There are 2 protein chains.
Amino acid sequence: MRIGDLAARSGLTTKTIRFYEQAGLLPEPPRTAGGYRDYSDEAAARLAFVREAQSAGLTLAEIRSLLTLLDSGQVPCAQVTRLIDEHLAEIEERLRELRQTRRTLRTLAARAATTDPAECAEAGVCTILGPMPTPAP
Amino acid sequence: MRIGDLAARSGLTTKTIRFYEQAGLLPEPPRTAGGYRDYSDEAAARLAFVREAQSAGLTLAEIRSLLTLLDSGQVPCAQVTRLIDEHLAEIEERLRELRQTRRTLRTLAARAATTDPAECAEAGVCTILGPMPTPAP
DNA sequence: CTTGACCTTCCAGTGCACTGGAAGGTCTAG
DNA sequence: CTAGACCTTCCAGTGCACTGGAAGGTCAAG
């Protein structure tokens, strides 16, 4: 599979795939006689993993270290488990934050729904952004 | 309140606060005779709102447009409501994504827990990163 | 043999959200 | 009056994750 096919299959650009290779996220594939990169299906799975991890908020550096560990084969799996657990904890934290923000925005939305534009005009500022029920962190 | 106090109160740096002012997120405060910025308590609330919105994944540009709308006073509150609803939808989407990733990582963790390091050594690659139960998007 | 799609490397630029540092002004305590 | 903390502006740099473009090579179809 050439880089264009892999790009199409993974939903990335060829640019991004070369960038990931250079960043150590994707191993250098074999080349054809003409010098083209020749990917196996495994590469697509790897890219999928990268995107997955990325959407979890992991940086490319973190993903690289995770992949390097996974790849090295002679890795203490316990360490892999620890890494995964760490990232799970991070995700839980982000979930909590997001839920908090959703709560805030919902409050905002409710206030906006019951706010008369006229009332906004009276006060100098739209009353929606008033004292917020935002528990200080 | 001077910028250092505001920084301490909001958990930001003075640099960041000036940056936010320059970015149009925080109105230019009045100055003391000596030229120091002189903030009211409202500024702290505004910064809290910015951080809140930011942790929801909104960019500073989005937050600025939201604040500008809220500030202009003569804004159709309906439009504010629409904006908030949009961002709520985005948050819901991010929550969905995060939950999916959490599922994936948990599967990974479970596999790692039941994987014998010896088995990893046999296959060229740690078996944890195998075929993933990742429903293609 | 040429056209066009696709590939190669290399280097530079973008957008976001800050962050650092220089050079200098202000204010309070001793 | 001076030291030190804190403030000012301005400009440049950082880190991340790409993205664009130039200059040129490869390959299948016509």
Side-chain angles (χ1 to χ4, degrees), chain A residues 1-40 43-44 46-68 87 90 94 97 101, chain B residues 1-40 43-44 46-68 87 90 94 97 101:
Chain A
M1 182 175 20
R2 285 185 313 180
I3 197 168
D5 303 340
L6 181 59
R9 195 173 296 195
S10 63
L12 302 172
T13 66
T14 58
K15 282 278 188 196
T16 303
I17 292 173
R18 283 191 211 99
F19 170 75
Y20 281 179
E21 177 182 320
Q22 185 251 284
L25 293 165
L26 200 57
E28 290 189 26
R31 301 294 181 116
T32 65
Y36 290 5
R37 287 173 178 82
D38 187 23
Y39 291 102
S40 67
R46 202 175 171 92
L47 287 181
F49 180 82
V50 170
R51 299 312 275 195
E52 194 74 36
Q54 206 177 15
S55 86
L58 307 201
T59 65
L60 294 191
E62 288 172 317
I63 299 167
R64 179 175 46 238
S65 72
L66 188 53
L67 283 171
T68 306
H87 292 321
E90 271 175 36
R94 284 198 66 74
E97 283 174 12
T101 308
Chain B
M1 182 178 16
R2 287 184 310 181
I3 196 169
D5 302 342
L6 181 59
R9 194 172 298 197
S10 62
L12 301 172
T13 67
T14 58
K15 283 277 186 194
T16 302
I17 292 172
R18 284 190 210 99
F19 170 76
Y20 281 178
E21 176 182 321
Q22 184 251 285
L25 293 165
L26 199 58
E28 290 189 26
R31 301 292 182 118
T32 65
Y36 290 5
R37 287 174 179 80
D38 187 21
Y39 292 102
S40 67
R46 202 175 172 91
L47 287 181
F49 181 82
V50 170
R51 299 311 276 196
E52 193 74 38
Q54 205 178 15
S55 86
L58 307 199
T59 65
L60 294 189
E62 287 172 317
I63 299 167
R64 177 174 48 237
S65 72
L66 187 54
L67 284 171
T68 307
H87 292 320
E90 270 174 38
R94 284 195 66 76
E97 283 173 12
T101 308

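Remember, predicted model here, so these are calculated numbers, not experimental data. In what follows, chains are A, B, ... by sequence order, proteins preceding strands, each numbered from 1.
Using a 4.0 Å cut-off, no side-chain N or O of R51(A) falls inside it from OP1 or OP2 of dA17(D).
If you measure from atom CD1 of I63(B) to atom C1' of dC18(C), you get 14 Å, rounded to the nearest angstrom. Look at CD on Q54(B): it is 7 Å from P on dA17(C), rounded to the nearest Å. Put simply, CG on L25(B) is 9 Å from P on dC18(C), counting in whole angstrom units. Rounded to whole Å, atom P of dA17(D) lies 15 Å from atom CG of L47(A). At whole-Å resolution of the value, CD1 in I3(B) and P in dC6(D) are 13 Å apart.
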### Task
Treat primed atoms plus P, OP1 and OP2 as sugar-phosphate and everything else as base, then score nucleotides 23-30 of chain C 5' to 3': B for base contact with protein heavy atoms under 4.0 Å, S for sugar-phosphate contact only, - for none.
--BBS---
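Against DNA chain C, the stretch residues 7-22 of chain B makes heavy-atom approaches under 4.0 Å through K15(B), T16(B), F19(B), Y20(B).
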Check nucleotides 12-16 of chain C against the protein and report each pair of N or O atoms closer than 3.5 Å, with its distance, or say if there are none.
none

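Between S10(A) and I17(A), the closest heavy-atom pair is OG-CD1, 4.2 Å. Residues Y20(A) and L12(A) share a closest heavy-atom pair of CE1-CD1, 4.0 Å. The heavy-atom pair separating Y39(A) from R2(A) by the smallest distance is CD1-C, 4.2 Å. The two atoms that bring A43(A) and L6(A) nearest to each other are CB-CD2, 4.1 Å, heavy atoms only. Counting all heavy atoms, side chain and backbone alike, R64(B) lies closest to A23(B) at NH1-O, 2.6 Å. Of all heavy-atom pairs spanning S65(B) and E62(B), the tightest one is OG-O, 2.9 Å.
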### Task
Starting from the C-alpha separation in whole Å, work towards a yes-or-no answer on side-chain contact (heavy atoms from CB on, under 4.5 Å) for L47(B) and R9(B).
CA-CA 10 Å; L47(B) 287 181; R9(B) 194 172 298 197; over 6 Å; no
### Message
Apply side-chain contact (heavy atoms from CB on, under 4.5 Å) to residues L26(B) and V50(B) and explain how you reach the verdict.
### Response
CA-CA 9 Å; L26(B) 199 58; V50(B) 170; over 6 Å; no
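In summary, of the residues considered (L60(B), T59(B), L25(B)), a side chain to side chain contact (heavy atoms under 4.5 Å, CB included) with Q54(B) occurs for L60(B) alone.
Rounded to the nearest 0.5 angstrom, F49(B) CZ and L66(B) CG are separated by 4.5 Å. The CD atom of Q22(A) sits 10.5 Å away from atom CD of E28(A), with the distance rounded to the nearest 0.5 Å.
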